[in-house]
Amino acid sequence: MMQAIEQIIANSEVNLSPDIILALQNILTQSRVIIPDLETPYSRFPNRSRSAIETKGQSISVILTERQQQLDAVLHNISGLEAVMNRVKNLHQQLLDGQDEIIHSIILHRGHVSALWRLPVEVLSQIFVHCLPKTDHLRVSSMLAPMLLTRICRHWREIAVDMPSLWCRLSMEVAGWSDRNFQQVEFCYHSWLERSRERPLSFAIEHLPSGAPMLRILLEPYNTRISSLQITYTDDNVVPELLFQDLPALHKLTLDWRGNYMDGSTIARSISRLPFTLRNLTVLGCFVGPLELQRFASPNGWVHMTNIDIALHEPHEFLHLLRLCPNLSSLRILLHPRDNVLQNLEPLTHTRLQSLSISYTILWHVRDPLPALLNALTLPNLRVLETRCVPGSMWPHEPFRAFLKRSNCPLESLTLGVGLPTTDSERAGYTDLVPSLEVTMDYMPDNHLGGGARHPAQGLPGGLFGMTFRSSS
């Protein structure tokens, strides 16, 4: 049997035809293992006298010699069968490889008649852009675009690799980095970023102390191209000031504190001076005081700011921020007053501000800051105003009417959030002053106030502004 099978397999290396497979199947069907009769007088009567059995011609030495010969024959057949099985496995693997090659060839040739294959590169490029995950920053994953697009076929890979816009936004998980795996991590991220060519880069980083030195090494070749940087803090010992050195193109910075409550001075001390190119600043999860405002940037650095999300304590700090930022067009702010006596607020006119969102808290011993702010502010270019209060207060109707008359602004949207009730007649009076105004009462849950980013209050003590509401009137 062994010789017949080996002869068939040897011939099959040339051509594994159906006839050869059938012959092999027939041999295996007709073959069976015959186990010899191993019964002896000794096995039937183990307790009988050895001499009595041997007198009948059944010598133990003869039996052992015969058994050894039988064992040698079985071992020989096992060895031969294992060799045959290995060759069969090799043949099977060759068939599987051939199957893959044939399927690949079928897909390739079907592609030539597919309308998708005939699409112009410009159209495929637009499709690839829409294949990207709907997130601000992309993770390195072979199961997600853009890396997934490089695995479909050679043609798609060439197009995807040649599209710098697919490789400009990157999310980095620093938590798992170590000296042991950093070389592999570095190669992976460099391979990704090389495809971005000279495009501006946007990074989202979960920054941990253990990964800070390696992160600095990784980002150094790209410092001049980093336009957007989002850093999530989870550790009190983070000192990221070195990350902000030599970033001449930085346009947008988000600092997101998600640990226990931390005062803004901790972050401010770690960032001595922000670059003059910065236009958008978001500080989430901590309060910033007047001294911290100075530490964040040089006085001239604030001049160019256009969009800010931040949490402050007192109303006069809010006005101070507006004075620092004459070109500000959008401001989202959380106020958390601590002083019972409000400072006298000097009148302020800001001609560039178009969108303002004010959320504030009122402790039992603290006066409502909103009336004083409305009396001090003149915003002639304001188009969007949003206010919220926790735990609640009276809406300053008369100060707001005076604000509208004084500002004479083209206000288009007024959103009155939870804690600030108004009457129908009051809202009607606002539209009389500004006919284009749409007033909205916000009573629906919404933890993301505009833009998809966290509000500065999120992560602060007591879950301030964790719930908001909306309904149209």
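Between H336 and F287, the two ring planes are parallel [angle under 30°; tilted spans 30° to 60°].
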Hey, mind stepping through F318 and L334 against side chain to side chain contact (heavy atoms under 4.5 Å, CB included) and telling me if it holds?
-> CA-CA 9 Å; F318 167 44; L334 166 70; over 6 Å; no
Mind running side chain to side chain contact (heavy atoms under 4.5 Å, CB included) on D256 and I231 for me, showing each step along the way?
-> CA-CA 6 Å; D256 189 353; I231 300 181; over 6 Å; no
Show your working on side chain to side chain contact (heavy atoms under 4.5 Å, CB included) between L253 and Q230 and close with a plain yes or no.
-> CA-CA 6 Å; L253 176 63; Q230 176 182 323; over 6 Å; no
Stepwise side chain to side chain contact (heavy atoms under 4.5 Å, CB included) check, R383 with S355 = CA-CA 6 Å; R383 296 179 180 273; S355 177; over 6 Å; no
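For the pair A145 and P133, the tightest heavy-atom approach, listed with the atom from each and the gap, is O-CD, 3.4 Å. Minimum interatomic distance between H350 and C325 (heavy atoms only, all atoms of both residues): NE2-O, 2.6 Å. Taking both residues in full, the closest heavy atoms of S142 and M147 are given as CA-CB, 4.2 Å, listed atom of the first, atom of the second, then distance. For the pair F403 and L377, the tightest heavy-atom approach, listed with the atom from each and the gap, is CD1-O, 3.4 Å. T431 and L437 get closest at one heavy-atom pair: CG2-O, 3.6 Å. Scanning both residues, L353 and S330, for their nearest heavy atoms gives CD1-N, 3.9 Å.
N381 has its side chain out of reach of T351: every pair of non-hydrogen atoms, C-beta onward, lies at least 4.5 Å apart. Put simply, the side chain of L144 does not reach to within 4.5 Å of the side chain of L132, judged on heavy atoms. A 4.5 Å side-chain heavy-atom check between L379 and C409 finds every atom pair outside the cut-off. For the pair T415/L385, no side-chain contact is recorded, criterion being any heavy-atom separation below 4.5 Å from C-beta on. You'll find the side chain of I205 stays beyond 4.5 Å of the side chain of S171, heavy atoms only. The shortest distance between side-chain heavy atoms of T378 and L348 does not fall below 4.5 Å. Side-chain atoms of R225 and E198, non-hydrogen and from C-beta on, do get closer than 4.5 Å to each other. In this structure, the side chains of L321 and I308 come closer than 4.5 Å at one or more pairs of heavy atoms.
Side-chain atoms of S436 come within 3.5 Å of backbone atoms of L411 as a donor-acceptor pair (strictly under, hydrogens ignored). E317 places a side-chain N or O within donor-acceptor distance of the main-chain N or O of E314, the cut-off being under 3.5 Å. Within the 3.5 Å criterion, the main-chain N or O of E101 finds no donor-acceptor partner in the side chain of S105. The backbone N or O of W167 sits less than 3.5 Å from a side-chain atom of W192, completing a donor-acceptor pair. Distance alone, capped at 3.5 Å, places no donor-acceptor pair between the S79 side chain and the H76 backbone. Between the side chain of T282 and the backbone N or O of T254, no donor-acceptor pair lies under 3.5 Å. Here the side chain of R427 pairs a donor or acceptor atom with the backbone of T422 at under 3.5 angstrom.
Aromatic pair Y222/H190: ring centres closer than 6.0 Å.
In this model, no donor atom of one side chain and acceptor atom of the other lie less than 3.5 Å apart for Q94 and N90. Of the N and O atoms on the side chains of T306 and R279, not one donor lies less than 3.5 Å from an acceptor on the other residue. Side chain to side chain, H137 and S202 meet the donor-acceptor criterion of an N or O pair below 3.5 Å. Side chains of E82 and N86: no donor on one and acceptor on the other come within 3.5 Å.
To the nearest 0.5 Å, atoms CD (Q354) and OG (S329) are separated by 6.0 Å. Once rounded to the nearest 0.5 Å, the distance linking CG of L119 with CD1 of I127 reads 5.5 Å.
Q183 CD: 12 or fewer foreign heavy atoms inside a 6.0 Å radius. For R139, the CZ atom sits in a loose shell: 12 or fewer heavy atoms of surrounding residues, nucleotides or ligands are nearer than 6.0 Å.
For the pairing with M172, the side-chain contact (heavy atoms from CB on, under 4.5 Å) check across V140, L219, V185 returns one residue only, L219.
Between R157 and D162 there is no salt bridge, since none of the side-chain N atoms of the basic residue sits less than 4.0 Å from a carboxylate O of the acidic one.
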